[in-house]
Amino acid sequence: MITATSYPDINDLLNELLANVQVVLGNKLVGLYLYGSLVWGDFDHDTSDIDMLAATTADVDDDELEQLRLMHDAFAGRNPDWSDRIEVQYFSLDGLKHFREKASNMINISPGEPIHRIQAGIQWLTNWYFVQDYGITLYGPPPASFIPHIAKAEFIEAVHDHALDWREYVVHTKELPQYQAYAVLTLCRALYTTRNREQVSKKRAAEWAMEQLPEQAGLIQRAMVGRTEPHNNSMTYAETERFVHYVSELVDNS
């Protein structure tokens, strides 16, 4: 019985989801691991996602992918408040072992994206660092037993590179105000991480960034509101783009 969080209803959801995944994958499921805001401590019950890694003995095949799709659809139907707020990566032990050297098939479901197969490689290093160093084991062995060690310096370098990638990626938020808020908060956390050599929640990093960048405090505050209350988002793409380029430059010089 999972009692991993301080929210009884979330624990019930996690138990339900684990049981459903086990029905679909059986012994192919090696472990299920919780990370993200539920672990960092800035979880918002009304808006936050639930982030998980499901490690498998081998790639999920087409039949299993279809069964997982049906399972997630049924789960969302039974739990409408959590529709489009569950994020799970279904990744093989081999893919996790060799993610630095090669991209491998991974099944991903995340907010705004239906469950589908993608290629996952080195760009997922920061996720696996979170799982390895901070993740909560819901089922299976400790994640450090099969994810190759990721040093803090390697993680910080990846955060730096990801922040610079936002200079190009920000254009994809042009018609998505909620993701403009996400971009601003992500860059705040990247700046915190590269300057302080540690990782904190987006909320804590945003509060720190408002002190460090007082001229940007108003935008950061609006991003915090926009992330948790999308209907009250007052951000514009132009100011988001300027912020991303400005802060990514600060990250690059950290």
Side-chain angles (χ1 to χ4, degrees), residues 35-37 40-44 47-49 51 84-85 87 89 103 108 110-113 118-130 134 150 152-254:
Y35 68 108
S37 58
W40 284 112
D42 62 347
F43 179 76
D44 185 296
T47 61
S48 292
D49 308 325
D51 304 282
D84 205 34
R85 293 174 60 195
E87 180 167 350
Q89 291 83 48
N108 188 48
S110 59
E113 295 186 35
I118 64 173
Q119 291 289 299
I122 191 68
Q123 74 273 25
W124 284 83
L125 182 145
T126 56
N127 296 69
W128 309 150
Y129 178 84
F130 296 152
Y134 303 99
I150 302 169
K152 179 182 283 190
E154 187 180 11
F155 163 71
I156 292 171
E157 182 180 0
V159 170
H160 165 275
D161 293 346
H162 182 62
L164 270 56
D165 288 343
W166 268 97
R167 296 171 178 176
E168 296 183 6
Y169 186 76
V170 67
V171 69
H172 298 293
T173 73
K174 200 164 189 176
E175 307 299 328
L176 300 167
Q178 185 176 357
Y179 288 96
Q180 292 166 20
Y182 176 84
V184 168
L185 299 180
T186 296
L187 267 293
C188 287
R189 186 156 75 170
L191 184 62
Y192 183 99
T193 298
T194 53
R195 286 193 175 177
N196 296 287
R197 319 301 287 181
E198 67 174 357
Q199 181 82 351
V200 295
S201 69
K202 286 190 179 75
K203 180 180 178 181
R204 182 176 165 190
E207 292 168 347
W208 170 87
M210 285 191 287
E211 295 179 357
Q212 299 296 311
L213 309 172
E215 72 282 3
Q216 302 292 337
L219 175 61
I220 297 169
Q221 180 61 47
R222 285 187 287 129
M224 293 176 70
V225 172
R227 186 64 177 154
T228 58
E229 303 174 25
H231 56 286
N232 287 328
N233 195 334
S234 60
M235 301 174 63
T236 67
Y237 173 73
E239 62 186 351
T240 301
E241 183 182 38
R242 284 194 299 270
F243 182 89
V244 166
H245 283 272
Y246 172 62
V247 177
S248 64
E249 186 69 23
L250 296 178
V251 168
D252 200 25
N253 293 321
S254 294

* Roughly how far, to the nearest 0.5 Å, is CG of L219 from OG of S234? -> 8.5 Å
* Looking at E249 and R167, does any basic side-chain N land under 4.0 Å from a carboxylate oxygen? -> yes
* Distance, nearest 0.5 Å, that separates OG1 of T194 from CG of D161 -> 11.0 Å
* **Stepwise side chain to side chain contact (heavy atoms under 4.5 Å, CB included) test for F155 and Q199** => CA-CA 10 Å; F155 163 71; Q199 181 82 351; 3.4 Å; yes
* Out of curiosity, T126 OG1 to I150 CD1, how far, rounded to the nearest 0.5 Å? -> 8.5 Å
* Examine distances only and state if a side-chain atom of D49 and a backbone atom of E87 form a donor-acceptor pair shorter than 3.5 Å. => no
* Asked: How many angstroms lie between CG in D252 and CG in L164, if you round to the nearest 0.5 Å?
  -> 4.5 Å
* Please work out whether the ring planes of W166 and H162 are parallel, tilted or perpendicular, with thresholds of 30° and 60°. => perpendicular
Sequence neighbours left out, cut at 3.5 Å: what donor-acceptor pairs do the side chains of residues 180-191 make with other protein atoms?
unit_1, atom_1, unit_2, atom_2, d
Q180, NE2, T173, O, 2.8
Q180, NE2, K174, O, 3.3
T186, OG1, Y182, O, 2.8
R189, NH1, V200, O, 3.3

* At their closest point, which heavy atom of D51 faces which heavy atom of S37, and how far apart are they? -> OD2-N, 4.1 Å
* **Atom CD of E168: over 12 foreign heavy atoms under 6.0 Å** => no
* **Side-chain donor-acceptor contact under 3.5 Å, Y246 with Q216** => no
* Which atom pair, heavy atoms only, marks the closest approach of R85 to D44? -> NH2-O, 3.8 Å
* Measure across Y179 and P111 and return the closest heavy-atom pair with its distance rounded to 0.1 Å. => OH-O, 3.4 Å
* Asked: Ignoring hydrogens and geometry, is there a side-chain-to-backbone donor-acceptor pair from Q123 to G121 under 3.5 Å?
  -> yes
* Asked: Using 30° and 60° as the class limits, which term best fits the ring planes of W40 and F130: parallel, tilted or perpendicular?
  -> perpendicular
* Do Y35 and Q89 come close enough that some side-chain heavy atom pair is under 4.5 Å? -> yes
* Give a yes or no on whether a salt bridge exists between E207 and K202, defined as a side-chain N under 4.0 angstrom from a carboxylate O. => no
* Can you name the nearest heavy-atom pair linking G112 to D84, along with the distance? -> N-OD1, 2.8 Å
* Distance, nearest 0.5 Å, that separates OH of Y169 from OG of S248 -> 15.5 Å
* Asked: Is it true that a side-chain atom of S110 and a backbone atom of E113 form a donor plus acceptor pair closer than 3.5 Å?
  -> no
* **Y237 side chain near E175 side chain, heavy-atom distance below 4.5 Å** => no
* Asked: Looking at A223 and M235, what are the two nearest heavy atoms and their distance?
  -> CA-SD, 3.6 Å
* Structure fact -> Closest heavy-atom pair, W208 versus N196, reported as atoms and distance to 0.1 Å, is CZ2-ND2, 3.5 Å
* **Worked verdict on E198 versus T193 for side chain to side chain contact (heavy atoms under 4.5 Å, CB included)** => CA-CA 5 Å; E198 67 174 357; T193 298; over 6 Å; no
* Asked: Is there a side-chain contact between V251 and V159, using heavy atoms and a 4.5 Å cut-off?
  -> no
